[in-house]
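First up is the structure itself, then whatever we jot down about it.
None of the values given here were measured: they were computed from a predicted structure. Just so you know, residue 1 is the first one in the sequence shown, and it goes up from there. FYI, side chains are in, hydrogens and waters are out, and symmetry mates aren't considered; it's all heavy atoms of this structure.
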Amino acid sequence: MKNKYIRVITISVLLLVLAAMVWDVDRDVSESENRKLQQLPTPSVENVLSGDYMERFETYLTDQFPFRDAAMVTKTSFIKLLGSRQVGDVIICSDGYLMKAESDYDKEHYLELLNSVDEFAKSQGEGVSTSLMLVPGASAIYEDKLPYGLKSKCGEILDTARQTLTSAYFIDLYEPLKNAAVAEASDKAGAAAGEGVFYRTDHHWTTYGALIGIKVYEECFDTAVSEESYKMLPVTGSFQGTLASSCGVYSEYDEISIGVPIKEYEYVVSYVNEMRKSTSLFEAEALDKKDKYLVFQGGNYARVDVNIVNDTGRNLVIIKDSYANCMLSMLMPFYDSIIVIDPRYFYGDIEQIIKSKEATEVLFVYSVDSFVKDTSLEDII
């Protein structure tokens with residue numbers, strides 16, 4: 001009799017889930033996870049034989065599973081109850097911090113990327129300065145907040161860059177960011193920005209962290225950067241980033257600030273592929289969305305040109321991931337133009353852009369985790 005009840009309950013649950021999947025409309029995007037969801041794939045002889053169809057179909061079932069968001073929160077609660085401090089690739093740390101677990105990486109591939117950047121720098125000659133800025137993750141800067149026994153491997157990655165690059169300058173941010181984090185813990189830093197160097201719920205560095213990166217970079221050109229030259233304007237205090245979304249922990253909120261020079265500059269932003277222009281680097285509409293980090297240019301684009309009414313004689317090409325997005329407004333005092341290239345979406349000729357825009361500098365800006373796994377950069381350099 002007991003087994004009969006169990007079978008009835010099991011069949012009922014399965015029928016309920018099946019009915020929900022049939023009647024529910026497939027979602028294009030997960031608002032809570034800030035990502036696109038797999039749609040029902042179309043079978044073909046080629047993708048069935050290769051196994052690609054079944055792989056995508058399994059992802060479709062997982063992505064479109066009814067009550068997925070609620071199930072994720074329940075799963076996280078259960079994992080925490082068992083004493084684990086990691087949900088997927090998100091580590092639940094002290095002081096309310098969520099940190100992305102550092103990925104294993106292919107050392108040979110990483111060296112190939114570094115050598116490609118170095119060869120690119122060498123090919124530019126003396127007229128164009130080339131630099132690589134690798135931003136350590138929160139797990140390296142706030143290592144003391146990691147669960148007991150976990151250590152960051154970021155140090156060896158940065159050491160490899162220091163030792164490998166000879167033609168490109170390596171912008172070393174580990175100590176400056178670490179010092180800012182230590183001072184922050186003593187309530188001595190971040191007062192102007194009202195934030196630390198990394199968000200608690202998102203993998204990006206904050207605007208204050210990015211300003212530290214700019215200060216270190218500009219020191220290479222004997223240019224002093226003062227925090228007093230900027231206004232840090234809080235635009236929201238209800239940001240919950242991709243780390244919170246992907247693990248279902250929503251106990252903390254972050255503040256997003258935008259950094260703008262106190263001296264006002266006239267500029268025009270051109271989204272080249274989209275054939276759209278704007279007079280602002282910020283998208284206020286994004287503050288009404290789940291992913292409020294989109295306030296910085298509205299996301300990532302193949303190419304964005306920022307032309308500034310200035311007379312510095314300096315033109316910058318940035319090749320980047322999303323870590324550079326919050327930097328652009330704070331770089332304006334130092335350049336006449338800033339050309340932003342995202343290799344994930346860009347298929348043009350980078351050399352032609354450097355020449356036509358009379359670039360004096362090329363700056364690669366990547367998070368460490370993103371750079372070591374990159375598969376797009378070598379295609380354009």
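- Using a 4.5 Å heavy-atom threshold, the side chains of D379 and P343 count as separate.
- For the atom pair OG (S337) and NZ (K357), the distance works out to 6.5 Å, reported to the nearest 0.5 Å.
- Between Y323 and H203, the two ring planes are tilted [angle within 30° to 60°].
- For Y217, the ring-ring contact (aromatic ring centres under 6.0 Å, His included) test picks out F221, with sequence neighbours left out.
- When side chains are defined from C-beta on, D342 counts as touching K320, because their heavy atoms get closer than 4.5 Å.
- In summary, the side chains of D202 and T242 do present a donor paired with an acceptor at a separation below 3.5 Å, with no hydrogens or angles considered.
- Sorted by first and then second residue, the ring pair (Phe, Tyr, Trp, His ring centres under 6.0 Å) pairs involving residues 334-356 (not counting sequence neighbours) form an empty list.
- A donor-acceptor contact under 3.5 angstrom links the side chains of S238 and T236, judged on distance only.
- Atom CD of E358 is surrounded by 12 or fewer heavy atoms from other residues, nucleotides or ligands within 6.0 Å.
- Across every non-hydrogen atom of I92 and V87, the tightest pair is CD1-CG2, 4.1 Å.
- Contact check for S329 versus I258: no side-chain heavy atoms found under the 4.5 Å cut-off.
- Here the shortest heavy-atom pairing between A161 and Y110 reads CB-OH, 3.5 Å.
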Listing, residues 165-182 side-chain donor-acceptor contacts under 3.5 Å, not counting sequence neighbours, or none:
from : atom 1 : to   : atom 2 : distance (Å)
T166 : OG1    : D118 : OD2    : 2.8
D172 : OD1    : R162 : NH2    : 3.2
D172 : OD1    : Y174 : N      : 3.4
D172 : OD2    : R162 : NE     : 2.5
D172 : OD2    : R162 : NH2    : 3.1
K178 : NZ     : A140 : O      : 3.4
K178 : NZ     : I141 : O      : 3.2
N179 : ND2    : E175 : O      : 3.2

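- Counting heavy atoms from C-beta outward, E255 and T206 have side chains that stay 4.5 Å or more apart.
- The two residues G96 and E252 have their closest heavy-atom pair at O-CG, 3.4 Å.
- A continuous path of ILVMFWY side-chain contacts below 4.5 Å connects Y271 to V306, so both sit in one hydrophobic cluster.
- For the pair L132/L114, a side-chain contact is recorded, criterion being any heavy-atom separation below 4.5 Å from C-beta on.
- The distance from atom CE of M232 to atom CE of M330, rounded to the nearest 0.5 Å, is 5.0 Å.
- Looking at every heavy atom in both residues, D369 comes nearest to K100 through OD2-NZ, 3.4 Å.
- Note: M327 CE to I318 CD1 = 6.0 Å, rounded to the nearest 0.5 Å.
- Checked against the 6.0 Å centroid threshold, F364 and F120 count as a close aromatic pair.
- The heavy-atom pair separating W205 from C326 by the smallest distance is NE1-SG, 4.0 Å.
- Under the 4.5 Å side-chain heavy-atom criterion for grouping Ile, Leu, Val, Met, Phe, Trp and Tyr, Y253 is not connected to F198 through any hydrophobic cluster.
- Salt-bridge annotation for E283 and K289: absent, with no side-chain N of the basic residue lying under 4.0 Å from a carboxylate O of the acidic one.
- Pairing each heavy atom of K290 with each of G241, the nearest pair is NZ-O, 4.4 Å.
- Annotation for K107: atom NZ does not count as buried by contact number, only 12 or fewer foreign heavy atoms lying within 6.0 Å.
- Counting heavy atoms from C-beta on, the side chains of N273 and Y301 never come closer than 4.5 Å.
- With sequence neighbours left out, Y142 forms a ring-ring contact (aromatic ring centres under 6.0 Å, His included) with Y97.
- Remark: D321 does not engage R344 in a salt bridge, criterion side-chain N to carboxylate O under 4.0 Å.
- In summary, the side chains of D254 and T201 do present a donor paired with an acceptor at a separation below 3.5 Å, with no hydrogens or angles considered.
- Under the 4.5 Å side-chain criterion, counting only non-hydrogen atoms from C-beta, I214 is in contact with L331.
- By the side-chain contact (heavy atoms from CB on, under 4.5 Å) test, N310 is found to be paired with Y265, I308, T312, D336, residues two or more places apart in sequence or in another chain being considered.
- Note that CZ of R200 is 7.0 Å distant from NZ of K145, once rounded to the nearest 0.5 Å.
- Using a 4.5 Å heavy-atom threshold, the side chains of Y366 and I319 count as touching.
- Note that the CE atom of M133 and the OG atom of S367 stand 13.0 Å from one another [nearest 0.5 Å].
- Interatomic distance, CG of L146 versus CD of E143, reported as 6.0 Å (0.5 Å rounding).
- For Y267, there are no ring-ring contact (aromatic ring centres under 6.0 Å, His included) partners at least two apart in sequence or on another chain.
- In the hydrophobic clustering of ILVMFWY residues, with side-chain heavy atoms under 4.5 Å counting as a link, F239 and L233 come out together.
- A donor and an acceptor atom, one from each side chain of S139 and E102, are located under 3.5 Å apart.
- Enclosure of atom NZ in K231 by more than 12 non-hydrogen atoms of other residues, nucleotides or ligands within 6.0 angstrom is indicated.
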